[in-house]
Amino acid sequence: PSPLAPSLFRLVALAIVLLAFTLRVYRLDHQELRGDEAFGYFFAQRSYTGIIAATIELAEPHPVASYFVLKTWLASVGDSEFALRYPSVWFGVLAVALLLRLAWRLGFRRGPALLAVALLALSPYAIWHGQDARMYSMSLALTIAAVWLGMEARQRQRARWGLAYVGVAWLALHTHYYAVFVLVALNLFVFTQAIFIPRTRVNLTAWVLWQLLVGALYLPWLAGAASIVGGYTGNGDSPSLAAMLPRALSVFAVGESVPSEQRNVWAALAAALLLIGGVRLLLGGATDRRNLWLLSCYLAVPMLATWWSAQDRPIFNERYLVASAPPFYLLIAAAFDGRRFSGRAEQALRWLSFALLAALFAGMLLALTRYDADPAYSKTRGWRELAAAFERLSAGLPPDKVRIAQNFPDPTLWYYYRGPVEHVVLPPAAHDKAAARAQVRALVAADVRRILLPVQPAPNWDNDAIASAVLADSPYDRVAEQQVGVWPLRVYAGEPDLTLGQALNIDFENSVELTGVSNLGSNLGAVRLTPGGLLAVTLFASVPEVENLATLKMTVQLLDSTGQLVAQQDLPLTDWRADSGAARHRTYGLALPPERASGEYRLIAGLYNDAAEGALRVRTVAGADAVELALIQVEEGSR
């Protein structure tokens, strides 16, 4: 008998489900989308038949059910981050409710059943996926439902339960291919039980027919997608069994928002609770031992099959283990169910179990806090900031004169930046340097004046830094670099527009002559700039073979109305591009801080000797320290 009355049990169960919803919907759109979420968004923009065709044509490693759900949902509510992730919230809460149904079907007492449900509701691992616009939360709910309905079909021996199982199993297979491992685990349980317990062979034929029906319904899809399942190479790893087990147990226990050095500790704590739960079930009655075997199959088969499938290709990732999470929490709850021992042994075991459980809950809460508040454990960060930087750094030029170049085709950028500037991928194909050079030549031919390159690690696409290398060998000058989010954002300026130039003919005392300036407009007093924007200006000079040439630098500075320095770039004359004879030119990039007020600014240039003894100004022959190049008008929102 349970100390919980039915009415109190229902009230607590409802409270846990509401808690699960609250935790999954809380700050749902706080973290930015990761690449796979953005990919799912764009994939779902196709028609339903287009999704199917693209899945086969592009060898998309996941089936179509979640994309169908997302497409249908977004058509009604829009494509905000909150809207994109809300289906996963719904399926995550449904999984919590379904786990209670499964625990009840397995005969768990009310208290331990609620404990299992509470563990799933609070699980940082489940919450992470419940706030992720991918299929994992949907797969979690459908695989729980398949196991529950399969057990109902076996217990009740009614066709409607069998057909419900068939339908849910079919949907689960169309959500994630690894759902088959759960069905294998369930069938392993059913058939081994039939071998060793003769009375469970009743209506085994009906069970076999249900499995054949699932297979027959799924076969048409599998026939077209079989090459995808076997050919996917993935972007994970191939861990040993000894490395995989603590990773899996730790992530089920406290998620991924923990320092890596703590994972073995959390895995050991989880293993201890699993062991206690397993022992209680093993030494309990027939129902307890049945539950132990079912939950062991349900936990181990998907986990080991996922690990084994990654041994010849690097596709192992903890998110693929999502279907193994429910039995993990049920087995932990079994540490407070099953056989009771007598005397001090029971008392000691209960105290140990409660201490381990309290530590587990504490670890979960700490992990949730890190996930929510510590950027180091967020899914991704900086995309909104990067999109805003593109707006600022493209201001002042027509959109067709600017390109955003990605050294990896990450679709997340296309979700966050929806401005008029076009994207290119550099290199356009993985590790293709020749194609990258051709792409840059095409940009030069199209008179693209500015390229914005956010550099991200891309070992599967640009492992030799091809994008930066081909731009360094091109007519484009790298004029600025800013750290935006997690990306070094590099800005490249094209060859100067000579129609926007003006002669200067400023002689310095050491025979260097500043001959002209370009890219500031035909009327230098009319130059416009936006706060946070970039001013690219090209200087021309005649640089004879003068003494100390290696230490001569030209500085370009932007000063406010009070003479305070707000932006500056200094470059050695030896880094300037050689034209003919002594003629050289170089483009400078001056980024105006976003917080600067609108108004008039002065652009000046000066020459100095950056010798080891100290920088010495080189005056003009007229005795000036610097040359005024232009007056810059900063205006809010100007382009």
Side-chain angles (χ1 to χ4, degrees), residues 48 51-52 55-56 60-69 91 94-95 98-99 101-102 105-106 135-195 200-230 232 293-295 297-306 308-309 320-327:
Y48 294 105
I51 291 173
I52 294 174
T55 298
I56 303 300
E60 160 59 11
H62 300 295
V64 299
S66 66
Y67 297 129
F68 278 21
V69 169
F91 280 107
L94 178 62
L98 286 169
L99 187 65
R101 296 293 301 180
L102 177 58
R105 165 44 60 194
L106 296 181
M135 73 291 298
Y136 303 107
S137 187
M138 183 175 172
S139 178
L140 174 65
L142 290 175
T143 50
I144 295 174
V147 174
W148 165 54
L149 291 170
M151 294 300 294
E152 292 284 4
R154 287 293 293 156
Q155 292 286 337
R156 296 175 183 265
Q157 299 297 328
R158 295 290 187 270
R160 66 176 181 270
W161 289 101
L163 290 173
Y165 162 78
V166 169
V168 169
W170 180 77
L171 285 173
L173 291 170
H174 278 290
T175 302
H176 198 284
Y177 292 114
Y178 284 2
V180 69
F181 299 150
V182 174
L183 303 185
V184 169
L186 183 57
N187 277 275
L188 176 63
F189 164 75
V190 170
F191 287 112
T192 53
Q193 189 183 40
I195 291 172
T200 63
R201 298 171 191 169
V202 177
N203 290 324
L204 189 61
T205 301
W207 176 260
V208 173
L209 291 175
W210 298 134
Q211 311 315 305
L212 292 175
L213 183 55
V214 172
L217 291 173
Y218 192 61
L219 188 60
W221 174 261
L222 190 60
S227 60
I228 300 175
V229 179
Y232 177 60
W293 179 232
L294 170 64
L295 296 176
C297 292
Y298 190 4
L299 174 66
V301 171
M303 187 188 302
L304 294 175
T306 301
W308 179 80
S309 67
Y320 297 151
L321 301 175
V322 68
S324 288

If you look only at distance, which donor and acceptor atoms sit under 3.5 Å apart when one is on a side chain in residues 176-183 and the other is two or more places apart or in another chain?
residue, atom, partner, partner atom, Å
His176, ND1, Tyr178, N, 3.0
Tyr177, OH, Trp221, NE1, 3.1
Tyr178, OH, Ser309, OG, 3.2

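- When side chains are defined from C-beta on, Asn187 counts as touching Trp207, because their heavy atoms get closer than 4.5 Å.
- In plain terms, the two heavy atoms of Leu188 and Cys297 that are nearest each other are CD2-SG, 3.8 Å.
- Nearest heavy atom pair, residue Ser227 against residue Gly224, reads OG-O, 4.4 Å.
- Partners of Thr175 according to the side chain to side chain contact (heavy atoms under 4.5 Å, CB included) rule, which considers only residues two or more places apart in sequence or in another chain, are Ala65, Met135, Met138, Ser139, Leu142.
- Panel note: side chain Arg201, backbone Ile195; a donor-acceptor pair is recorded below 3.5 Å.
- Residues Phe91 and Leu98 form no side-chain contact, since every pair of their non-hydrogen atoms from C-beta on lies 4.5 Å or further apart.
- Within the 4.5 Å cutoff, the side chain of Tyr48 has no heavy atoms near those of the Tyr67 side chain.
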Inset, instruction - List the steps and the verdict of side-chain contact (heavy atoms from CB on, under 4.5 Å) for Val190 and Leu204. - result: CA-CA 9 Å; Val190 170; Leu204 189 61; 3.8 Å; yes

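- Taking 4.5 Å as the limit, every side-chain heavy atom of Leu295 sits out of range of all side-chain heavy atoms of Leu299.
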Inset, instruction - Check the pair Trp308 / Leu304 against side-chain contact (heavy atoms from CB on, under 4.5 Å), numbers first and verdict last. - result: CA-CA 6 Å; Trp308 179 80; Leu304 294 175; 6.0 Å; no

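- For Arg105, the CZ atom is densely surrounded, since the number of other residues' heavy atoms within 6.0 Å is greater than 12.
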Inset, instruction - Go through Phe189 and Met151 one step at a time and tell me if the side-chain contact (heavy atoms from CB on, under 4.5 Å) criterion holds. - result: CA-CA 10 Å; Phe189 164 75; Met151 294 300 294; 3.9 Å; yes

Distance-only donor-acceptor pairs under 3.5 Å for side chains of residues 160-173, two or more places apart:
residue, atom, partner, partner atom, Å
Tyr165, OH, Gln211, OE1, 2.8
Trp170, NE1, His174, NE2, 3.2
Trp170, NE1, Leu217, O, 3.2

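- Counting heavy atoms from C-beta outward, Tyr298 and Leu102 have side chains that approach closer than 4.5 Å.
- Put simply, the side chain of Pro63 does not reach to within 4.5 Å of the side chain of Thr55, judged on heavy atoms.
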Inset, instruction - Could you walk me through whether Arg101 and Ile144 pass side-chain contact (heavy atoms from CB on, under 4.5 Å), step by step? - result: CA-CA 9 Å; Arg101 296 293 301 180; Ile144 295 174; over 6 Å; no

